[in-house]
Amino acid sequence: MSLRWLWVAGMGEKLKAVLVPAPLPQPGPRTKAAIANAEARSGARQQRVGVKIEKRDGVSAIGSDHADLDGHTSQLLDAFGSSSVCFATAAVDVLSRLSVEGNQIDSMSLNASLALVDGIRPQDELEGALATQIAASHALSLKMLRKASSAIQIDFRDSYINAATKLSRTMVAQVEALAKLRRGGEQSVFVKHVHVHDGGQAIVGNVTGGAGGRIEKQGQSDARTVQHAEMRCEDALGELLPLAGRGR
């Protein structure tokens, strides 16, 4: 950011320098268009639940960030996919303990974790527990990375990085567990692209994946072999959205 100097008179007829930021330029047409698109997308998203941290008799108290207390309770229950106030309160307590900086709860960190849980949209307590674990792993991973960035000794820094790596892998496993839960435990595999090279033969019709990535045509005994096929499992992150028609 470009800055300019202003000189102002101080006490005792002494002069002191005050650093004042220069005025920012107005956004151009492309920036204005990007801002309009961002506002439209952001406005279409659901407002995430948040909390307010207050000090009461030297103790941090977690409460609503707006005047409708009953409405805030409903928001928290919905965020954790439960009708149990005890379940939601216990989950918030866990996330708040992971958001402590020094001797105080950092409201930004706690509200970020709550936004992550709310964005996952758990549909029951089991999904709510997994969503809470995902948010906890994410928060701890970021905390370890912050410690690694400020660590002076190499062995300390390596320990923090290793812990962050394990937490990140744990978070991926938790996301995959949630995805598997939402699709009923079924593993779906499909062929995305099939490349047929010289001398090869293409298969027309439904195909299933056998052991070792072998492709066979359903209902055909003399299966033809495709020399090269790219296959992948369903993206676990894509399963985070609630499945339509899932029974409750």
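For reference, positions follow the sequence shown, starting with 1. In this text, all values refer to a predicted model and were calculated from it rather than measured experimentally.
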* Under 3.5 Å: donor-acceptor pair, side chain of Gln123, backbone of Arg121 -> yes
Heavy-atom closest pair (Leu95 atom, Ala136 atom, distance to 0.1 Å) is CD2-N, 4.0 Å
Smallest heavy-atom separation, Glu125 atom then Ser83 atom, equals OE2-N, 3.8 Å
| Are Val172 and Leu140 connected, step by step, through hydrophobic side chains (Ile, Leu, Val, Met, Phe, Trp, Tyr) whose heavy atoms are closer than 4.5 Å? | no
Are the side chains of Leu110 and Ile62 in touch, meaning some heavy atoms are under 4.5 Å apart?
-> yes
Check: Out of curiosity, does Val92 fall in the hydrophobic cluster containing Val100 (side-chain heavy atoms, cut-off under 4.5 Å, transitive links)?
Finding: yes
### Message
Determine whether a donor-acceptor pair (N or O, by modelled atom type, separation under 3.5 Å) exists between the side chain of Asp78 and the backbone of Ser74.
### Response
no
task = Would you please test Ser60 and Lys55 for side chain to side chain contact (heavy atoms under 4.5 Å, CB included) and show each step?
result = CA-CA 5 Å; Ser60 296; Lys55 277 287 187 179; 3.6 Å; yes
I would like to know whether Val49 and Leu76 meet side chain to side chain contact (heavy atoms under 4.5 Å, CB included); could you show each step before the answer?
CA-CA 7 Å; Val49 66; Leu76 280 176; 3.8 Å; yes
For Ala131 and Val117 the tightest heavy-atom approach is O-CG2, 3.7 Å
Determine, step by step, whether Thr73 and Leu69 satisfy the side chain to side chain contact (heavy atoms under 4.5 Å, CB included) criterion, reporting the C-alpha distance in whole Å, the side-chain angles of both residues, the deciding distance to 0.1 Å, and the verdict. CA-CA 6 Å; Thr73 300; Leu69 302 183; 5.6 Å; no
Should the heavy atoms of other residues, nucleotides or ligands under 6.0 Å from CZ of Arg146 be counted, would the total exceed 12?
yes
Report task. Scan side-chain atoms only and decide if Ser137 and Gln174 contain a donor-acceptor pair under the 3.5 Å cut-off. Result -> yes
ILVMFWY cluster, Leu126 and Ile120 together (side-chain gap under 4.5 Å):
yes
Shortest non-hydrogen pair, Ser113 vs Ala135, comes out as O-CB, 3.9 Å
>> Whether the side chain of Lys166 engages the backbone of Ser141 through a donor-acceptor N/O pair (distance < 3.5 Å, no angle test) should be reported.
In response: no
Discussion item. Between Asp124 and Gly81 (side chain of the first, backbone of the second, donor and acceptor by atom type, cut-off under 3.5 Å), is there such a pair?
Written reply: no
Separation between CG (Asn111) and CZ (Arg48), nearest 0.5 Å, reads 13.0 Å
ILVMFWY network linking Val175 to Leu181, side-chain heavy atoms under 4.5 angstrom: yes
Distance col, row Glu127:CD vs Ile134:CD1, nearest 0.5 angstrom, shows 10.0 Å
Check your understanding: Between Ser150 (side chain) and Lys147 (backbone), is there a donor-acceptor pair under 3.5 Å?
Key -> yes
Tightest non-hydrogen contact, residues Gly71 and His66, listed as C-CE1, 4.4 Å
In this structure, CG of Asp106 is separated from CD of Glu101 (nearest 0.5 Å) by 5.5 Å
TODO: Begin with the C-alpha distance, continue with both residues' side-chain angles, and end with the deciding distance and a verdict on side chain to side chain contact (heavy atoms under 4.5 Å, CB included) for Met144 and Ile161.
DONE: CA-CA 7 Å; Met144 291 300 102; Ile161 291 176; over 6 Å; no
Taken to the nearest 0.5 Å, the spacing of Asp70 CG from Ser64 OG works out to 10.0 Å
Give a yes or no answer on whether the side chain of His72 reaches the backbone of Gly50 with a donor-acceptor pair at less than 3.5 Å. yes
Value for CG (Leu116) from CE (Met171), rounded to nearest 0.5 Å, stands at 5.5 Å
Using modelled atom types and a 3.5 Å cut-off, is there a donor and acceptor pairing between side-chain atoms of Ser96 and backbone atoms of Asp93?
yes
Inset, instruction - Determine whether more than 12 heavy atoms belonging to other residues, nucleotides or ligands lie under 6.0 Å from atom CG of Asn103. - result: no
d(Tyr160 OH, Asn162 CG) to nearest 0.5 Å is 12.5 Å
Closest heavy-atom pair, Ser107 versus Ile53, reported as atoms and distance to 0.1 Å, is CB-CG1, 3.6 Å
(message) Testing the 3.5 Å rule here: is there a donor-acceptor pair between the side chains of Gln133 and His138?
(response) no
- request: Measure from the side-chain N and O atoms of Asp118 to the backbone N and O of Leu114, and report whether any donor-acceptor pair falls under 3.5 Å.
  value: no
